[in-house]
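Just so we're on the same page: letters track the sequence lines, and every chain starts at 1.
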2 protein chains.
Amino acid sequence: MNHKELVAGIATKANLSKAETERMLDAVVSVLSDELIDGKTVGFQSFGAFEVRKKEERLSVHPSTQIRTLIPPKLVVNFKQSNILKEKLKENSRND
Amino acid sequence: MNHKELVAGIATKANLSKAETERMLDAVVSVLSDELIDGKTVGFQSFGAFEVRKKEERLSVHPSTQIRTLIPPKLVVNFKQSNILKEKLKENSRND
């Protein structure tokens with residue numbers, strides 16, 4: 001499902017226009033991003049939570065040349081699904 | 001940031017009422033969850049993409065009792081941040 005289909009699906013479900021949905025989604029992304037950039041955790045009720053984790057720098061050794069490269073530390077966004085979503089996924093896999 | 005603060009932040013940014021924002025967020029969560037339960041990937045423009053990954057079953061050995069337990073396979077939602085978000089996080093960490 002791409003962004004366009006996502007907008008259409010949400011607009012139908014929430015009974016809003018596509019323009020309103022777009023505006024709202026932009027706000028969602030902007031608020032989430034700002035919080036994460038500030039290093040804060042964001043909880044998304046019944047869906048999950050986002051948090052930023054720091055991956056430490058590490059030495060990478062090329063398997064054939066043995067050249068060592070220092071991979072700098074980086075920040076990655078981690079998502080942890082809520083228990084509700086976890087249970088839903090579990091139920092679904094049982095029905096397969 | 002909890003759910004209430006998230007709703008307030010989005011409502012202010014998108015110039016919508018809190019009730020409309022709640023309705024919209026419910027629709028977002030519902031559409032995202034349905035897609036993921038169907039095993040589909042969902043792309044969230046400029047933020048990232050969600051996909052379901054299956055963790056295979058594995059044998060766990062208790063360190064002291066040596067009792068083996070079979071951990072059943074499970075489905076987990078994986079989030080991959082967009083390049084835009086990645087760059088924003090990177091810029092921020094440089095400013096620290």
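In this structure, chain A has heavy atoms under 4.5 Å from both the backbone and the side chain of B:Ile37. Interface remark: A:Thr41 contributes backbone atoms only to the contact with chain B (heavy atom separation under 4.5 Å).
The contact list for residues 22-31 of chain B toward chain A, using heavy atoms and a distance under 4.5 Å, reads B:Arg23, B:Met24, B:Leu25, B:Ala27, B:Val28, B:Val29, B:Ser30, B:Val31 by residue number. Using non-hydrogen atoms only and a strict 4.5 Å limit, the part of residues 47-62 of chain A facing chain B consists of A:Phe47, A:Phe50, A:Val52. The interface of residues 8-20 of chain A with chain B, defined by heavy-atom distances below 4.5 Å, comprises A:Gly9, A:Ile10, A:Lys13, A:Ala14, A:Asn15, A:Leu16.
For residues 59-85 of chain A, the set of pairs meeting the salt bridge (charged side-chain N to carboxylate O under 4.0 Å, His left out) definition, not counting sequence neighbours, is empty.
With chain A as the partner, the residue from B:Thr21, B:Asp38, B:Val7 showing the most heavy-atom pairs under 4.5 Å is B:Thr21. Residue with the most contacts toward chain A among B:Glu35, B:Lys86, B:Glu5: B:Glu35 (heavy-atom pairs, distance under 4.5 Å).
Taken together through direct or relayed side-chain contacts under 4.5 Å among Ile, Leu, Val, Met, Phe, Trp and Tyr, A:Phe79 and A:Val76 form parts of separate hydrophobic clusters.
Of all the heavy atoms in B:Leu36 and A:Leu89, the pair that sits closest is O-CD2, 4.0 Å.
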